[in-house]
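Numbered from 1 within each chain, the chains take letters A, B, ... in sequence-line order. If you're wondering where the values come from, they're calculated on a predicted model, not measured in any experiment.
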Amino acid sequence: MKETVKNLITDALKRAKNEGVLILESTPDIVIEEPKDEKLGDFATTLAMQLARPEKKNPKLIAEIICGFLNDGVDLISSAEVAGPGFINIKMSGDFFLNGLREAIRLGSGFGQSDIGGKKKVLVEFVSANPTGPLHVGHGRGAAVGHALSCLLKKAGYDVSTEYYINDVGNQMNNLGRSTWMRYKERLGKHAVFPEDGYQGDYIKDIAQEIIDKDGSSHLDKKDEDALTYFRQYSKDSILDGIRNDLKEFRVEFDRWFSEASLDEDDSVNKSIHWLREKGFVYDKDGATWVKTSQFKDDADRVIIKQGGERTYFCSDIAYHKNKVDRGYDLILDLWGADHHGYVPRMQSVLEAMGYSQDVFKVLLVQFVTLKRGGQKVSMSTRSGEFETLADVVAEVGVDATRFFFLMRSSDSHLDFDLDLAKKESPENPVYYIQYAHARVCSVFRTAEEQGVPAPNLDSADLSLLREEEEFALMKKILTYPACIEKSAQSQEIHRIAFYLQELVSIFHSYYKQHRVVTDNRELTLARLLLLDCLRNVIASGLNILGVSAPEKM
RNA sequence: GCCCCCGUAGCUCAGCAGGAUAGAGCACCGGAUUCCUAAUCCGGGGGCCGUGCGUUCGAAUCGCGCCGGGGGCACCA
């Protein structure tokens, strides 16, 4: 839409130049904005102010010249006026919006699809919680944001894949295995020393019980080492199944689950270290092996192999990220919890050392979630195992509300998640406000059908019958949907979609109150239905990006 | 000490590739239903945009300092 306006202005500038009224040595970048106050016009540009210097003219005068050309014989513009210090305010004609609406209707559910992504291959990695316990609310936010962002990027024309990285190697897995093993022994009345840094949660006891139910006490005869191998594997699989299931319930699925262990199978961890060593980025000190990240963005070198010969998490992460880049993605997007922010420079540093472009890897930090109940913070201590799991929250407030609450705030802001509010099936709850609009539109269509009004289409309905102010307000908002998609995708800010939907739907509710859609006037009814059909598409499309359902009835 | 995020209405937050009188929801007060869903709509009050300085014709928006809140600074993951 703005593009069209831009073209009209560019055209006006050309004519001004041809007639010698403006010099225009270089074509300026024309920025189209929407005035805060609608009464001023549909669009505005500060172009004249920008041109003041190069043209050596008063901005107001330049604005007047440009307005002259815009007002002269441009059908789509109804008026162009100078305001204030040199703003150009433009009102568009009804046809301009009706044309836009026709195009939106023609595109149907494809409306909003953009190609700014240029089919660039993007890999979005998110959640990637360690398989040592169930997902908590923090992971939930990451899951919702990651998934919604993937949908958004697809809609914006990127070629998106999603991935979950499973840290199924190392100390924590041993710890997990030992924790379950000890709980198992405890339950069977044997002497057991629970590891000091073991996993405390009740889910460990549940897994131990599962094994008892399945295998009885047969593992007691095993050597410690053999038992551990079994308990480690079993616990990991069990927890991972739980995670997969929680995510599925939360409507989040991944294209690929990438196991850290698989990086050993093809020796790629060692290969990465070797490669870095050959290039001189790796050295040995104090019995450990270090990588020279401080040569790049990091403020210290980092250990990749500990004194005991064990690898750090960072070590395999290097191989994993190299693997991701080598798979040919144009952009690697990682969503991390904000507590990992200190980890960003070292990852960037290693990729830089490896000679990859600095633009290929980007981390989005998702800030913390504070759960509130009755105005009180809900404590979330993982150690004691009394944290709120994602599954608990979903069970309490439902998938739609949970997802929406995670997505309605900028992800780099801390989030206060008010459980009482999210749970309410009442007007204070913003999810229902949007969903209700969709249901309402569907209801109008049911009424129309009952009254024998056929489904409208561009041939049967005459859109020029739409003349109400509120109808144009609705059209205008609908038509900014593609721009909203693009801006959200470019800035990777999913909350913009949530805000857009609330604004869009608010205009609809207001329109609905003032004008009846299904009336005796068949022609007008068809035109209004077609407008609402388009609206319904946009709401459904936006909600779909957020992973929130668009109900036909409420 | 260093690093990241945040500070805007009573509360939760938008706005921040500088622009016209700073917005929304909730809460509060007052109204609206013979008719397609009142989970809705309309109206009202409410703001030194944390603070100081700087850049600019113009700053909530950009830069620096300070204050306040959250988080992070492992041979943990």
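Taking the C1' atom of each, B/C49 and B/A24 are spaced 15 Å apart, rounded to whole Å. One C1' atom belongs to B/G18, the other to B/A59, and the distance between them is 6 Å to the nearest Å. Taking atom C1' in both B/C53 and B/C67, the straight-line distance is 15 Å, to the nearest Å. B/G30 and B/G68 have their C1' atoms separated by 38 Å, with the value rounded to a whole Å. Rounded to whole Å, the C1' atom of B/C6 lies 15 Å from the corresponding atom of B/G15. Rounded to whole Å, the separation between the C1' atoms of B/A9 and B/C4 comes to 28 Å. Rounded to whole Å, the separation between the C1' atoms of B/G63 and B/U56 comes to 12 Å. With C1' as the reference atom, B/G25 and B/U8 are 15 Å apart, rounded to whole Å.
Contact annotation for A/Gln172: backbone-only contact, meaning every heavy-atom pair under 4.0 Å involves sugar-phosphate atoms and none involves a base. Looking at heavy-atom distances under 4.0 Å, A/Asp299 makes no contact with the nucleic acid at all. Contacts of A/Phe445 with the nucleic acid, taken as non-hydrogen atoms under 4.0 Å apart, are absent. A/Thr289 comes within 4.0 angstrom of no nucleic acid atom, judged by non-hydrogen atoms across all strands. A/Phe314 comes within 4.0 angstrom of nothing in the nucleic acid, heavy atoms only. Using a 4.0 Å heavy-atom distance criterion, A/His509 is classed as a sugar-phosphate-only contact. If you check every strand for non-hydrogen atoms under 4.0 Å, A/Ala44 touches a base. At a threshold of 4.0 angstrom between heavy atoms, the contacts of A/His438 with the nucleic acid are absent. Within 4.0 Å of A/Ala300, counting heavy atoms only, lies no atom of the nucleic acid at all. Within 4.0 Å (heavy atoms only), A/Met49 reaches at least one base atom of the nucleic acid.
The partner of B/C49, taking Watson-Crick or G-U wobble pairs whose two distances both stay under 3.5 Å, does not exist in any strand shown. Remark: B/C35 base-pairs with no nucleotide in the shown strands. Criterion, Watson-Crick or G-U wobble with two distances under 3.5 Å. Remark: B/A24 base-pairs with B/U12; criterion is Watson-Crick or G-U wobble with both hydrogen-bond distances under 3.5 Å. Nucleotide B/A60: unpaired (no Watson-Crick or G-U wobble partner with both distances less than 3.5 Å). Across all strands shown, B/G18 remains unpaired; no Watson-Crick or G-U wobble contact has both distances below 3.5 Å. Pair check for B/C75 finds none; no Watson-Crick or G-U wobble contact set falls under 3.5 Å. Of the nucleotides present, B/C42 is the one that pairs with B/G30 by Watson-Crick or G-U wobble criteria, both distances under 3.5 Å. In this structure B/U55 sits in no base pair that meets the Watson-Crick or G-U test at under 3.5 Å.
Listed pair A/Arg496 / B/C16 meets the phosphate criterion, a side-chain N or O lying under 4.0 Å from OP1 or OP2. Between A/Arg440 and B/A38 there is a side-chain N or O to OP1 or OP2 distance below 4.0 Å. Listed pair A/Thr312 / B/A74 fails the phosphate criterion, with no side-chain N or O lying under 4.0 Å from OP1 or OP2. In terms of phosphate contacts, A/Ser410 brings no side-chain nitrogen or oxygen within less than 4.0 Å of OP1 or OP2 of B/C6. Using a 4.0 Å cut-off, no side-chain N or O of A/Tyr511 falls inside it from OP1 or OP2 of B/C36. Contact annotation: A/His495 side-chain N/O to B/G15 OP1/OP2 distance is under 4.0 Å.
Glycosidic conformation, B/A17: syn, with the torsion inside 90° of 0.
Residue A/Asn89 has its side chain nearest to B/A20 when only B/G71, B/A20, B/A14 are considered. Listed nucleotides: B/A20, B/C75, B/G19. Nearest to the side chain of A/Thr46: B/G19. Among the nucleotides B/C13, B/A17, B/A32, the one closest to the side chain of A/Lys513 is B/A32. Side-chain proximity of A/Lys487 to the nucleotides B/A17, B/C75, B/A20 is greatest for B/A17. Of the candidate nucleotides B/A14, B/A20, B/C75, B/C75 has the atom nearest to the side chain of A/Trp290. Counting only heavy atoms from C-beta on, A/Ala83 has its side chain closest to B/A20 among B/C16, B/A20, B/U12. The A/Asp412 side chain lies nearest to B/C6 when the options are B/G72, B/A20, B/C6. Listed nucleotides B/C36, B/U12, B/A14 differ in distance to A/Arg516; the shortest reach to its side chain belongs to B/C36. Of the candidates B/C6, B/U40, B/C36, B/C36 carries the atom nearest the A/Val517 side chain, counting heavy atoms from C-beta on. For A/Gln367, taking side-chain heavy atoms from C-beta onward, the closest of the listed nucleotides B/C75, B/C41, B/G70 is B/G70.
For the pair A/Tyr343/A/Asp317, a side-chain contact is recorded, criterion being any heavy-atom separation below 4.5 Å from C-beta on. Considering only heavy atoms from C-beta on, A/Met554 comes within 4.5 Å of A/Gln435 through its side chain. For the pair A/Thr480 and A/Tyr500, the minimum side-chain heavy-atom distance is below 4.5 Å. The closest side-chain heavy-atom distance from A/Pro430 to A/Gln502 is below 4.5 Å.
Stacking annotation: A/Phe499 is not stacked on the base of B/A14 (requires ring centroids less than 5.5 angstrom apart and an interplanar angle below 30 degrees).
For the pair A/Arg178 and A/Phe231, the cation-pi test (distance below 6.0 Å, angle within 45°) is failed. Cation-pi geometry between A/Arg244 and A/Trp257 is met: under 6.0 angstrom from the ring centre, within 45 degrees of the axis.
Take the nearest nucleotide of RNA chain B for A/Tyr432 and for A/Leu415: the residue whose nucleotide is more 5' is A/Leu415.
To the nearest angstrom, P of B/C36 lies 19 Å from CD of A/Glu552. Here B/A22 presents its P atom at 19 Å from CD of A/Glu34, a figure rounded to the nearest Å. If you take NE2 of A/His414 and C1' of B/C11, they are 18 Å apart, rounded to a whole angstrom. Rounding to whole angstrom units, CG of residue A/Leu47 and P of B/A20 are separated by 18 Å. The nearest whole Å value for the distance from the NE2 atom in A/His341 to the C1' atom in B/G72 is 5 Å. Rounded to whole angstrom, the span from the CG atom of A/Leu51 across to the C1' atom of B/C57 amounts to 16 Å. Across the protein-nucleic acid pair, A/Lys297 atom NZ and B/C3 atom C1' stand 15 Å apart, rounded to whole Å. In this structure, A/Met408 places its CE atom 10 Å from P of B/A14, rounding to the nearest Å.
The aromatic rings of A/Phe508 and A/Tyr512 sit tilted, their planes meeting at an angle between 30° and 60°. Relative orientation of the A/Phe361 and A/His321 rings is perpendicular, given thresholds of 30° and 60° on the angle between their planes. Using cut-offs of 30° and 60° for the angle between ring planes, the A/His414 and A/Phe368 rings count as tilted.
With respect to A/Glu471 and A/Arg528, a salt bridge is recorded, a charged nitrogen being found less than 4.0 Å from a carboxylate O.
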